[in-house]
Amino acid sequence: MATENTKCVIIGSGPAGYTAAIYASRANISPILYEGIQPGGQLTTTSEVENFPGYPEGVMGSQLMEDLRRQALRFGADIRNGIIKDVDFSERPFKVTADDNTVILADTVIVATGASARYLGLPDEQRFAGLGVSACATCDGFFYRGKTVAVVGGGDTACEESLYLSGLAKQVYLIVRKDFLRASKVMQKRVMDKENITVLFNTNTLGLFGEEFLEGAHLVEFAGTDKEHKFDINIDGFFLAIGHKPNTDIFRGKLELDDQGYIVLPGKSQATSVEGVFAAGDVADSHYQQAITAAGTGCRAALDAEHFLMEHQQ
Ligand SMILES: Cc1cc2nc3c(=O)[nH]c(=O)nc-3n(C[C@H](O)[C@H](O)[C@H](O)COP(=O)(O)OP(=O)(O)OC[C@H]3O[C@@H](n4cnc5c(N)ncnc54)[C@H](O)[C@@H]3O)c2cc1C
């Protein structure tokens, strides 16, 4: 079993992880970054990214991530293809174990493991991913100007996304499993008052259809009752708004997590509940979840780690 020592381990290779690696490398911290199961993170699953500053013509998600990776390599980051399977934050140096059983003793750790959007589990969701199915209205809504879309979910996020899309799309269907919205009263009113939003209560999605691109959804109202009614809607976009799952399983019991599993940042920095462990990106942010905010907090986490190392120099 190989054991190594380092000043900083970065876990994750999304915009947060790579940005942390750029800053930490330029500060001579020589970080080791583990890419995980999805090198490049969530943006590698999308096509064009139009809202990342610095790309006036837009950029393909995978190209953006390759650019960030090359920038981190340029300053000497040690980027490794592997998954961190265990961490021990009970004492410093922290013990981080990779899936090839390499053990790294690290003075600081930056957790940037992201969050994964929850899907309904329909086979067609993957088939139409990037071809009509999206889990991010802020990211992809612009592509549906003047079109018809559906949003799935009944909480605040689903209502917010429906309202956002109603400003772009011609028609928005909000597909709600229950006979009520879980969102706040104010949000509910806004949705119900919007002329181009139709709320489909007591409705589930059975499947999606289309040739190359998404063309519609098969729905069922009052499933399993004597009022059951199956019908189709024609849509160009299908937006999931049923939440995200932060990738924090290996940190459970080791870092403070909130009730949804996101890493808690108790102060004004990226410091977690364990001194010397920092978190950046979607894994510690259930609200903004954008590439630029992830990159911004990756920068902050690296600066925090640098200050921590200076303060704790032996
Ligand atoms: C389809 C889609 C389209 C999007 N479009 C846009 C857009 O247009 N604009 C925008 O700003 N945002 C967009 N987003 C949101 C954006 O992708 C995320 O906000 C951003 O990627 C979050 O970055 P992150 O670094 O926090 O984590 P992620 O990108 O989620 O990366 C997490 C990383 O952690 C790694 N990891 C996880 N567990 C481990 C482990 N145990 N060991 C090692 N590594 C691990 C993964 O392999 C991955 O590399 C989109 C998201 C999706 C899903």
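Bear in mind that the values here come from a model prediction, so they are computed numbers and not experimental data. Whatever order the structure lists them in is the order used to number ligands and atoms, beginning at 1.
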Fill in the blank from the handout: If you compare Gly12, Ala279, Gly130 by their heavy atoms, the one closest to atom 34 (O) of ligand 1 turns out to be Gly12
Problem - Student check: side-chain heavy atoms of Tyr262 and Asp282 closer than 4.5 Å - result: no
Exercise for the section: Could you establish whether Pro15 and ligand 1 come within less than 4.0 Å of each other, counting only heavy atoms on the residue side? Expected result: yes
Problem - Residues Glu35 and Arg69 bridged, charged N to O under 4.0 Å - result: yes
Practice task
Could you tell me whether some N/O pair between Val49 and ligand 1 is separated by less than 3.5 angstrom?
Solution key: no
Completion exercise
Heavy-atom proximity to atom 49 (O) of ligand 1, picking from Ala112, Cys139, Ala98, Ser13, points to Ser13
Exercise for the section: For Phe209 and His218, run ring pair (Phe, Tyr, Trp, His ring centres under 6.0 Å): C-alpha distance rounded to whole Å, both residues' side-chain angles, the deciding distance at 0.1 Å, then the answer. Expected result: CA-CA 8 Å; Phe209 60 88; His218 303 298; 4.7 Å; yes
Exercise for the section: Look at Arg70 together with Asp67 and state whether they make a salt bridge at an N to O cut-off of under 4.0 Å. Expected result: yes
Problem - Per atom 29 (O) of ligand 1, closest listed option by heavy atom (Gln290, Glu35, Gln42) - result: Gln42
Handout entry: ligand 1 contact by Tyr34, heavy-atom criterion under 4.0 angstrom
Key = yes
Practice task
Give the minimum heavy-atom separation between Ile29 and Cys8, together with the two atoms involved.
Solution key: CG2-CB, 3.5 Å
Problem - Heavy-atom nearest neighbour of atom 48 (C) of ligand 1 within options Gln38, Met65, Glu48 - result: Gln38
Fill in the blank from the handout: Min over Ala295, Gly58, Ala291 of heavy-atom distance to atom 11 (O) of ligand 1 lands on Ala291
Exercise for the section: Among Phe89, Phe278, Phe251, find the residue that satisfies the ring pair (Phe, Tyr, Trp, His ring centres under 6.0 Å) test when tested with Phe94. Expected result: Phe89
Problem - Minimum-distance protein heavy atom relative to atom 45 (C) of ligand 1 - result: Gly36 CA, 3.7 Å
Practice task
Mind checking whether Asp282 contacts ligand 1 via backbone (N, CA, C, O), side chain (CB onward), both or neither, at a 4.0 Å heavy-atom cut-off?
Solution key: both
Problem - Any N/O pair Gly82/ligand 1 closer than 3.5 Å - result: no
Do any side-chain atoms of residues 165-183 form donor-acceptor pairs under 3.5 angstrom with protein atoms, and if so which ones, sequence neighbours left out?
| unit_1 | atom_1 | unit_2 | atom_2 | d |
| --- | --- | --- | --- | --- |
| Ser166 | OG | Leu163 | O | 2.6 |
| Gln171 | NE2 | Thr198 | OG1 | 2.8 |

